[in-house]
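Can you keep this structure in mind? I'll have questions shortly.
Order of the sequence lines fixes the chain letters, A, B, ..., with proteins taken first and strands second; residue numbering starts at 1 for each chain. Owing to the predicted nature of the structure, the values given are computational and were not obtained by experimental measurement.
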Amino acid sequence: MTVAEVVFYLLALLSVIAAVGVVTVPNVVHAALFLILSLLGVAGFYILLSSEFLALVQVLIYGGAVATIILFGLMLTGGRDLPAVGPGAQWPLALLVSGALVVLLLTAVLNTTWPRDAGEMTLISINTLGSVLFREWLLPFELASLVLLVALIGAVVISSQEERES
Amino acid sequence: MALVLWGLFGVDMNVWLDAFLRLQLIVIVMTVTVMALIYVERKFVGRIQMRLGPMRTGPYGTLQSVADAVKLLTKEDLRPATADFWLFELAPYVTFVPVFMTLLALPFMEDWGVRDLQLGLFYIVAVSGVTVIGYIMAGWASDNKYALLGAVRSAAQLISYEIPLILAVLAVSMVAGSLNLNDIILQQDTIPNALLQPLPFLILLTATLAELSRRPFDIPIGESEVVGGPWVEYSGIRWSIIFALTEYAGLWGMAVLGSLVFLGGWEFPFGTSGFWGDFDFLYQMALVFAKSSFLILTMMLISATFPRLRIDQLMAFCWKILLPFGFLQIVINGIVLMYLDSEVTRDIALFATSGALLVAMAYVTYLATRQPSREARVAAMVAARSIQ
Amino acid sequence: MSPEDRRRPQEATIVAPPPGSVADLFAEALPGLEMTPMQGALDVIIQIGRDDAHRVLEAAKHNDKLAFDFLRNLSGVDYEEQGLEVVYHLYSFKHRHNITIRAKVPAEDARIQSATDLWRAADWHEREARDMFGIDFEGHPNLVPILLPDDMLDHFPLRKDNPLAPLEEWQGEILGPKMGDAGYIPPGSGFEATPAAEGEEA
Amino acid sequence: MTNDPDLPAMTYDPELETIDLNINIGPQHPATHGVFRMVLVVDGERVEDLVPHIGYMHRGAEKLSEHMDYRQAIGYQDRTEYLAQFNAELCYVQAVEKLAGLVPPERAEYIRVILAELNRISSHFMFLGAFGTDLGVFGTSFTYAFRERENLLDLFEEVSGDRLMYAYFRPGGVAWDVPHNFVERVKWVCDQALIGAKDLDTLLTDNEIFIARTLNIGKLSIEDAIDFGASGPVLRACGLKFDLRRDEPYSIYDRFDFDIPVGSNGDSYDRYLVRLEEIRQSVRIVRQAIDQMPDGPILPEKLPRALRPAAGEVYMRCENPRGEYGIYLISRGSTQPYRLRIRSSSFCNLAALKHMTVGHYVADAVTILGSIDIVLCEVDR
């Protein structure tokens, strides 16, 4: 087993445990922190796959900003410990949906031809990434920006509306 | 010593042993630097405030940091009974580790950093952003209103100021055409980036102060408001990790980054001439030391003389002034770099546009914060006297 | 003079204020008002009854000739057998004159109408007078203790029937046997260490 | 847009409302200048409500004075107003003099006025230093101000024998004559105070952040200020030119030429400016007084061993650094005050705190509290 494999399994263990922690711990802030841990573990995978840029983006956006916003919201909602979540009346439906999801994912995984080894992968340099993003896929990229901008303006309008009413 | 160092890192060595030794070295250098910085800040600020600073421990108080460290390490480590155990205990480390990780990518001398990363600049910005999670963990786990308020403030401030920081760094990397710190430094052999890009340099300095929660941006930990903010309940060794290591290692790291990226690092006035042969690293070290010291002392001077901003003013400054001008700088850089081929015209254009933007930003800030002049205020006071 | 004579309070001789003083303006503004005007060391004083107090204060604030817009001070005084008094020191920025209004309040039925509707300054002063003298200011929006602990509602420190605690009295002239010894705590002073407390200390 | 009648009203979900947070600032907090406590109800960073709590320093100075000789009670004035002790003593001894019919000799009057004005300077320096610290200056304004305050305290110690609790004024004059080098020392101290005021002026007055933090913060209109019983720099900052030294002259203040600085806006910045300017005006008064000071006795020739003023009452008020300091003294012919009521200037100014603060940010609450310049011992007495 190479060092990379050992690191991979350690990271996998970390991510999976953290992901399980997200849905099992009763404290929502703990859950959010587990989420951050899980996301950072995923960033580790990217490094193992030699996609440093993706890993850093993962750390910057998910680990830094998004998770912080989630924490921010949770901290201010007051209630600390949620009551233990038991199976509700909708469990057959939930089972159906999650089963379908599993089947879908498995099909996708099995039908994809994977490179046998991480070393055989073509490394995508940041220059390639940049030119692909800003030349070939410029329109979808700009559209996504536009959607975000609209959401941003909407948030500002809604919050300022509340302020004016109160 | 030098030969030992060179021999250690020059030859091929087991990659793990090499990494281990380099890490050990950076830890030692960081610890010493942090203690020195604490002493320097106390002396420097003391002189600004017309007092002597520490004088008792050792000659001219030079051992004060050592004495403080011993005191802090032996102090009782208190934890509030209602605190969240794991989060409270882990928060200082979550705050400190990202700061330490930024140090790993800094090339302090030619060919010498812990690791030369292809995306070094981006790595530093991304990793340092994780610090905020430590702030939030500490603030929430302390079960204290001040800590909570401080955590909320730090979350808002640190995330907001990360964006101008990224923009500033991005502008420079556009000029250099690389995110590798060594490449960026090597391009500054004649003109440092601070001249080509004065506006991003200023943005970086401002955002650094905010990211490090130093005065005048120490809103999350402002003593007269939230009494230390997220760290209000910490004491002893945990507090020394936060205060000494995080704050001063962060200051040092950001100052070195600024001196490398904007002031030319070990490259600028002399270039990689190598006129000292094996001892080149001596003047390189001295150059980086001098430049980063200049930045550190500038930040200390600012933090010793300015009052604290208010959180809304801080956010407004970030979102309404720094951010638009940072974006403008990037757009202009893109146009200049795209259409100007000659290096001389390119440099002139970069300097002219960035300088013009800097002036424009200063003017907009002046307009936004314009207050009646002293003469107008005196006139108003005289007019008021006639009321009764 | 014996110590008892020294302690017997004297009464101030009432000197009528000079004609044309502020007291006359009050008589003009409120005809038929029962009041005793007198000249103090600095200001003109008028003494009125409790039931007239709010009427007089209202006139003092709103009458154009009086226009007392500044409540300098509001204090309670305990005159022992003559009952309590609430004293208002007022100043007018418009006419630059002063007045001291003393409203008599019987000690057994210590209540008076609040002046908070006229001057917001009266708010904290009245709360303090309530703390110290037990005067109930009717119509006060928030008459809770201000200087004293929140539960100290039945004990009025500045009333004359409320002596200083024995601890302070030791410094005075009543030093008895052993009183001068360091650390001696007289029995009954309320400051003796209880055996339980001693056990806890040890 | 919000009030468009055609659109359905936005549904209001109480579950989504931001919770109000109660923040307890004090009694042990670096910004409360003692043991003041305020409970802030904040919505985010905005102060929705403020509940001040005082009384932690209440030591019953009024009650204790009723059990003291008239001269013994002087010491309680020092302990009540511990930043402007001479001013408080001056008010008290004048109240006793008014009742006892004592007239202090000229020299004593000048000594008192000089010391009281110097005390005003030291008190204002204390304010300037602490105000900067409240705003987050890293101790620089504090050390600048304390250098000047130290000069003044040294002088006070030379005169009275104590750095803080002077008990130097007496009904009828002062306790003993000033040291032989008093005149030179006072002149030197005045020069130093002007230098210190200039240093602080250059450090703070035109600092953009300082202005941004104080201008239009904690505004008070003249009408509100009068209604709340505010006095001193808080009242003058609103634009009302009212100073007891000028409008109801006591002691010998009518002999000096000085300006009354007033603000125009009634905000924290104007309060700062007014205090800064008052330092310069006080230096002016001291310089005139030191030139005019005559030789002669410092106590009246016939001074009774035990003061026994005739029955009567007086409300003596003085312009102290923090505003109108009043002593309501009732004598019923004994050697002890029958009732001593201290009208504390900070107490009245502090009552306006809630009115000034609500609607501002948390950080502004600290600024506004600092700009009132409270002395907690004076508030609680």
Going through the distances and angles, do B:F88 and B:Y234 end up as a ring-ring contact (aromatic ring centres under 6.0 Å, His included)?
-> CA-CA 9 Å; B:F88 188 86; B:Y234 283 84; 4.1 Å; yes
Is there a side-chain contact between B:V175 and B:L350, using heavy atoms and a 4.5 Å cut-off?
->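 Yes. Closest side-chain heavy atoms under 4.5 Å.
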Side chain, backbone, both or neither: which part of B:L179 has an atom under 4.5 Å from a heavy atom of chain A?
-> side chain
Check each atom of B:L117 against the heavy atoms of chain A and say whether the ones under 4.5 Å are side chain, backbone, both or neither.
-> neither
On the 0 to 90° scale, with breaks at 30° and 60°, tag the A:F45-A:F8 ring pair as parallel, tilted or perpendicular.
->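 Tilted, since the angle between the ring planes falls between 30° and 60°.
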Which one, A:E52, A:H30, A:Q58, leads in non-hydrogen pairs under 4.5 Å with chain B?
->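 Most pairs with chain B among the choices: A:H30.
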Decide side-chain hydrogen bond (donor to acceptor under 3.5 Å, both in side chains) for B:Q187 and B:N193; before the verdict, give the C-alpha distance in whole Å, the side-chain angles of both, and the deciding distance to 0.1 Å.
-> CA-CA 9 Å; B:Q187 295 206 341; B:N193 278 336; over 6 Å; no
Go through the atoms of B:E162 and report whether side chain, backbone, both or neither lie under 4.5 Å from a heavy atom of chain A.
->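 The side chain, not the backbone.
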Considering only heavy atoms from C-beta outward, does the side chain of B:I26 approach that of B:F100 to under 4.5 Å?
-> yes
Residue part contacting chain A, namely of B:L119, when any heavy atom lies under 4.5 Å |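 Answer is both: backbone and side chain atoms of B:L119 are under 4.5 Å from chain A.
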Which region of A:L33, side chain (C-beta onward) or backbone (N, CA, C, O), has a non-hydrogen atom less than 4.5 Å from a non-hydrogen atom of chain B, or is it both or neither?
->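 Just the side chain, heavy atoms under 4.5 Å.
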What residue, out of B:P98, B:A156, B:A126, has the most heavy-atom pairs lying under 4.5 Å from chain A?
->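 Winner by heavy-atom pair count: B:A126.
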Show your working on salt bridge (charged side-chain N to carboxylate O under 4.0 Å, His left out) between B:R79 and B:E233 and close with a plain yes or no.
-> CA-CA 7 Å; B:R79 179 167 47 80; B:E233 296 285 1; over 6 Å; no
